[in-house]
Asker: 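Have a look at the structure that comes next, please.
Naming: A, B, ... by sequence-line order, numbering from 1 per chain.
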Amino acid sequence: PVMSEHSERMKKFKNRGKDAAALRRQRVEVNIELRKAKKDEQILKRRSISIAAMEKSPSPGEDKNPVIPLSLGEIVEAVNGSNAELQLQATQATRKMLSRQKDPPLNQIIELGIIPRLVEFLTHADNAPLQFEAAWALTNIASGTSEHTRAVVEGGAIPAFISLLSSPHMHISEQAVWALGNIAGDGPPYRDALINCNVIPPLLALVSPVTPVGFLRNITWTLSNLCRNKNPYPPLDAVRKLLPVLICLLEHEDKEIISDSCWALSYLTDGSNDRIQIVVDTGILPRLVELMGSPQLIVMTPALRAVGNVVTGTDEQTQAAIDAGVLAVLPLLLRHSKPSIQKEAAWTLSNIAAGPCQQIQQLITCGLLPPLVELLAKGDFKAQKEAVWAVANFTTGGTVEQVVELVQSGVLKPLLNLLLAKDSKTILVVLDSISNLFLAAEKLGETERLCLMVEELGGLEKIEALQTHENNMVYRAALSIIEKYFSGEENPDLQPGTDQDGLYNFSVEKQDFDF
Amino acid sequence: MELSDANLQTLTEYLKKTLDPDPAIRRPAEKFLESVEGSQNYPLLLLMLLEKSQENVIKVCASVTFKNYIKRNWRIVGIAVEDEPNKICESDRIAIKANIVPLMLSSPEQIQKQLSDAISIIGREDFPQKWPDLLTEMVTRFQSGDFHVINGVLRTAHSLFKRYRHEFKSNELWAEIKLVLGAFALPLTDLFKATIELCSTHTNDASALKVLFSSLILIAKLFYSLNFQDLPEFFEDNMETWMTNFHRLLTLDNKLLQTDDEEEAGLLELLKSQICDNAALYAQKYDEEFQPYLPRFVTAIWNLLVTTGQEVKYDLLVSNAIQFLASVCERPHYKHLFEDQNTLTSICEKVIVPNMEFRAADEEAFEDNSEEYIRRDLEGSDIDTRRRAACDLVRGLCKFFEGPVTGIFSGYVNSMLQEYAKNPSVNWKHKDAAIYLVTSLASKAQTQKHGITQANELVNLTEFFVNHIQPDLKSASVNEFPVLKADGIKYIMIFRNQVPKEQLLLSIPLLINHLQAESIVVHTYAAHALERLFTMRGTNNTTLFTAAEMAPFVEVLLTNLFKALTLPGSSENEYIMKAIMRSFSLLQESIIPYIPSVITQLTQKLLAVSKNPSKPHFNHYMFESICLSIRITCKANPDAVGSFEEALFMVFTEILQNDVQEFIPYVFQVMSLLLEMHKNEIPSSYMALFPHLLQPVLWERTGNIPPLVRLLQAYLERGANTIASAAADKIPGLLGVFQKLIASKANDHQGFYLLNSIIEHMPPESVDQYRKQIFILLFQRLQNSKTTKFIKSFLVFINLYCVKYGALALQEIFDSIQPKMFGMVLEKIIIPEIQKVSGQVEKKICAVGITKILTECPPMMDTEYTKLWIPLLQALIGLFELPEDDTIPDEEHFVDIEDTPGYQTAFSQLAFAGRKEHDPVGEMVNNPRIHLAQSLHRLSTACPGRVGDFHTTSLNAEALQYLQGYLQAASVTLL
């Protein structure tokens, strides 16, 4: 699969400009990660821990009546019993345990088998404190692993929480929002189960100009989880319902709300072109581009991702992002101090560079070449890798004049230095870019000059050294450049035989010709 | 095969025989083993033997045989086909996998290595899916405490995992790595810690330390492989453990681990070198996470450099370590680590300067292995050397600190020069280092062709040259301080574009003088420097140095160059021969007085080296020099050609008779050049050779084809009539050569060269009977395997034919092969493809040919071909108006072997035997556009009304406009 993936791309390089859209690289190439989960990803599930929760705890009188610690046995007994007072105490004690900072006993609580009872408590509309404590406890269980979430869902929590959204008590409805967010965050099946249970209308109904900011943050986060995850994507009609509200939320002044709305849009754009189109059609791109330039990292990151996803789409979609001003913002991001932003920005640039030469021209006009070259020269390695792709795409789809412009921007030196990269793919993409540069040079009759430049910059000896690279494709690519620029088959039917005199025998059989 | 003692015995016998030096015994035994390797149990018998045999030789032999057997047969390529059956049956495969790891671990090292290789070959195919327990089996051995076993496991793991360093990222690969990390990372980390622990408890036990350090090296290598693709979560979480320990190991020293060997790197060096690689990997790829550790490594590595000795065994470590610093100091966010003046001074003083020193090993190479020395020093194959690494560090530091670094080094250069001045014969190495330092400080970019192309402006190169380089070269004795002489000459060579011309001019006699130096390096450098200076360009693409400026030196230059070829070790010195060639080319007619002596020396040389040609470049330049002698002399005096033939033919005959393959292509080229110098009918000496040139054996060698075609063309040009009258029976053989060439996609253009010459020069009646055959052949190629190159040549040929025999003849011969053939060729080939024709002469031939078809071919006017008339005219106008090919002006003086297009060892085209471009329609037609206008005019006068109607109604507007331009220019109108 590696070979074929690459040869696919090589083919595209050769068919210059024929299928530029196919040069665009979707976000995920490899599903398996060796690295730590990314620190700048949005959180999938959240547990409500006590200290934080207590500060804003809407539960009245808690400070006055400290919870009496109960044993697990006592909890089971009380929860299953019919004494409402004890039920509340036990549920509260459970919630407390689940809310402690370190090692909450999620498994133990699940093993007690009390989840169905806690779910049942959610329906006790006459006992708001019990509803609240149960909702909190279940929220925290659902915040664990998939196993934990499943225990909650299989306890029948989905419909119960959805009903609670309409609770007259705001803190209960907020807790329900949180719980549903955790369930939705588990993955496509539960996300879609929620959507099928019609979670969207009551959830959206909670969004109003008077909704307190804290609550709205929770709602936004849950909405974003409903947009999240692929294979399959969330159903299109759900997306259509969610989008208008998300667009509104994007105008909010709270940065966390904006951040989560951006994340939601980044999920919705992380897919096929028709999904991208739905988002583009809302006209939100200018706002997203504006947010890309936000000084707040939590806003900039998801906004950049969303726009980055859009430019993996068609030429028209990419053009929409360009028209929204993405090229004016990218230089800042390419020079951002945070490597992950550099990388994401370079990835975005690489996909714009995969477009038709008109878009490449805009990229030049907007001054993207200097920051690209800088990044190539001294960016973080992850960003350099993306920058190399940008150069490869640029040199594949650009006109000869554009390629000349790129070379004049000083791309050659950092590009050649990356032949020392400790990553075979990057080396190969650099070699491909160099071949593209030579193709352009050939058209201009400047091959010799390019040869000299490559040699001067120490590129020749690096390419020569790659002829012994362990990776076959790398060594072949290097060899072919050397053979073609730096060094100096038969038709058996027509071969003549020899005659008695030992010379070739001139003879031929006639056939019918049709050219 | 049964697993029986009898079979073990048989196998032992045969294995023993495979070790026999006598091929009569060895070969059949090898054949036998090969014939039984498809039998079940064969690999198991080998494993039994390598475990249980009484004789160690048999054990080792069995293990090697086993590994080779696995290498050949384990991989099953797709579905087993007839000739690639699966030779290893499933039960043997299972048994091998079940037994090989414990067997490997319990074997002595020699056998362990073979089995470890075998495991990694099997692992490449079967791991992890078809060998799920391999990892656990290996990891459990870590606890054995037996480091012989542990090292076996580590070595195997290394051979299994090292591919992670070069393969492309893919789901499959990363899934495997993830699996490996899950099972391996923690035990490896624990083993790493435990091994380090053991090292500190065994600090006084040399043999234990050796084993433990071998483990550490393997562990460090595994770390590199496992961390290569991306930074694994586990290693990020455990970075503290790994990096702290790596850091400590870098700073560790233990007398017991130091080796006496000066050349071979010891365990300590290997380990530290690998740690430098690991740190460099992290610094390059995981900078964000590694940042907190990096400063420590920078300090440790430069301390390491400061304390490491000059011995060769440290070379890899030192160059790795310096390269690490060089790569870090270029990064803007680490700039501060180097910024401090004291740091910079200390790096310059303690790291760079010592590693630039000329060492005993360099001195040895200079004297005893000069070829290698020159290659490293001159041609830049010095990537791994200390000097080179130090030079890279200088360049890296100059990126941010050019001023301070230049300042620090200037001080050093001065003090080293002073040291030298105090006592040159003792301190000459100081001056060598000073020159090297100036060179690396000043050169920012360099190419073979132009020397230094960008220099540090803070260094005054001319001043240094005048004060410190020229005095050395002016010294009376050319043999004193040869290293400094070589340094000085090299300085001229690489800074030739920086040093002013008048200084270079002053140096030329000094360089000529140094051609006499005994040291191979010195006289080679002198020749090379002269050669490079002679290729420098002045204004208007001429040479910087003129023949007039060189006039005073001609005699001494030629004398010294040829004398240098007689110095010991330089009898086939390519640099000297190249300098001879370049001198001839520069000096032109001023060499004529010396030609008699020169050509004698060259032919003697030729005769000598033809016994055993071994230096391709030398030989090439020698032939170039011969060609130049001929051209320069015969240009002034055409009759001199006879004396060259007299001098050369004897040697040439010898070369041809002895079939000296390397030289034959050259001989043909020189002969072509000589033959072309003749103004009259072909001499009989050449005719005698003609039949031999048609011998198939010559044409089977691709390297012979271009020069032989060239030679036959010369024969046809000068002797077509002689061939037609005296060698008519050889014409089929000649056409056979054409047929041979046309059958090959690689050589078809050569076939066309030959055919074009035949058509152009042979009397028509002599080839009459073959003409139809020729076209049938071409049509077959066109039908079965046409290429753009073929079509281009084909178009030129048919148009040449048309020019020579007339358009009607062309139409008639086409249509006699197959009805309507002419129309088909016009429509499918000529009209759509004519724009592809390139080259001025080629285009002109096509233009004249097509004009004839348009205006001198009645069927074009009156038959179904008429509909093609306008498209053909349109195509012709397109051919005219295509942008002209900018052919590069004649630059043969500057030519290098490497520049020659299509250079390959088999055929080396001689630039100075070059053929003048030949224009077969030159006299006939001057301006093909005017010619078209006049021809159209003639046609329209012959059949009034028709041509005018044709073109005004159907030609597209743009083409019409061009055409009207031609008519105007020719002052004619169409009726």
Asker: Could you tell me which non-hydrogen atom of A:Arg35 sits nearest to which non-hydrogen atom of B:Asp230, and how far apart they are?
Answerer: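 In this case the closest contact between A:Arg35 and B:Asp230 is NE-OD1, 2.6 Å.
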Asker: Distance check, rounded to the nearest 0.5 Å: A:Leu34 atom CG versus B:Ile177 atom CD1?
Answerer: 5.5 Å
Asker: With rounding to the nearest 0.5 angstrom, report the OG to CD distance, A:Ser424 to B:Gln229.
Answerer: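 Rounded to the nearest 0.5 Å, the OG-CD separation comes to 7.0 Å.
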Asker: Heavy-atom distances under 4.5 Å only: say whether A:Leu457 touches chain B with side chain, backbone, both or neither.
Answerer: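 A:Leu457 has no heavy atom closer than 4.5 Å to chain B.
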Asker: Rounded to the nearest 0.5 Å, what separation is found between the CG atom of A:Asp380 and the OH atom of B:Tyr286?
Answerer: 11.0 Å
Asker: Is the CD1 atom of A:Ile43 crowded by more than 12 outside heavy atoms at less than 6.0 Å?
Answerer: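 No, because the 6.0 Å sphere around CD1 of A:Ile43 holds 12 heavy atoms or fewer from other groups.
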Asker: Side chain, backbone, both or neither: which part of B:Leu281 has a heavy atom under 4.5 Å from chain A?
Answerer: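 For B:Leu281, the contact with chain A is made by backbone and side chain together.
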Asker: Where on B:Phe738 is there a heavy atom nearer than 4.5 Å to chain A: the side chain, the backbone, both, or neither?
Answerer: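 Only the side chain of B:Phe738 comes within 4.5 Å of chain A.
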Asker: Taking the side chain from B:Gln284 and the backbone from A:Lys422, do they hold a donor-acceptor pair closer than 3.5 Å?
Answerer: yes
Asker: If you tally heavy-atom pairs under 4.5 Å against chain A, which of B:Pro691, B:Pro232, B:Ser327 wins?
Answerer: B:Pro232
Asker: Given that the side chain runs from C-beta out, which part of A:Ala377 has a heavy atom under 4.5 Å from chain B: side chain, backbone, both or neither?
Answerer: neither
Asker: Check whether any side-chain heavy atom of A:Lys382 lies under 4.5 Å from a side-chain heavy atom of B:Glu288, and answer yes or no.
Answerer: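 Yes, their side chains come closer than 4.5 Å.
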Asker: Against chain A, label B:Tyr164 side chain, backbone, both or neither, depending on which of its atoms sit under 4.5 Å from a heavy atom there.
Answerer: neither
Asker: To the nearest 0.5 Å, tell me how far B:Glu167 CD sits from A:Lys425 NZ.
Answerer: 12.0 Å
Asker: Measuring from atom NZ of A:Lys378 to atom OH of B:Tyr334, what distance do you get when rounded to the nearest 0.5 angstrom?
Answerer: 15.0 Å
Asker: Less than 4.5 Å to any heavy atom of chain A: does that hold for the side chain of B:Ile731, its backbone, both, or neither?
Answerer: neither
Asker: Charged N to carboxylate O below 4.0 Å: is that the case for B:Lys169 and A:Asp423?
Answerer: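 Salt bridge: no.
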Asker: Would you say A:Asn471's side chain and B:His166's backbone share a donor-acceptor pair under 3.5 angstrom?
Answerer: yes
Asker: Which of the residues B:Asp287, B:Leu173, B:Ile829, B:Leu782 is involved in the greatest number of heavy-atom pairs with chain A at under 4.5 angstrom?
Answerer: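 It is B:Leu782.
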Asker: Do other residues, nucleotides or ligands put more than 12 heavy atoms under 6.0 Å from A:Tyr475 OH?
Answerer: no
Asker: Please look at B:Pro332 and chain A and tell me whether the side chain, the backbone, both or neither of the residue comes under 4.5 angstrom of a heavy atom of that chain.
Answerer: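 The side chain, not the backbone.
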Asker: At a heavy-atom separation under 4.5 Å, does A:Glu464 approach chain B through its side chain, its backbone, both, or neither?
Answerer: neither
Asker: Looking at B:Val825, B:Asp237, B:Val697, B:Leu181, which makes the most heavy-atom pairs under 4.5 Å with chain A?
Answerer: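 Highest number of pairs under 4.5 Å: B:Asp237.
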Asker: Less than 4.5 Å to any heavy atom of chain A: does that hold for the side chain of B:Arg163, its backbone, both, or neither?
Answerer: neither
Asker: Please classify the contact of B:Lys178 with chain A as side chain, backbone, both or neither, using a heavy-atom distance under 4.5 Å.
Answerer: both
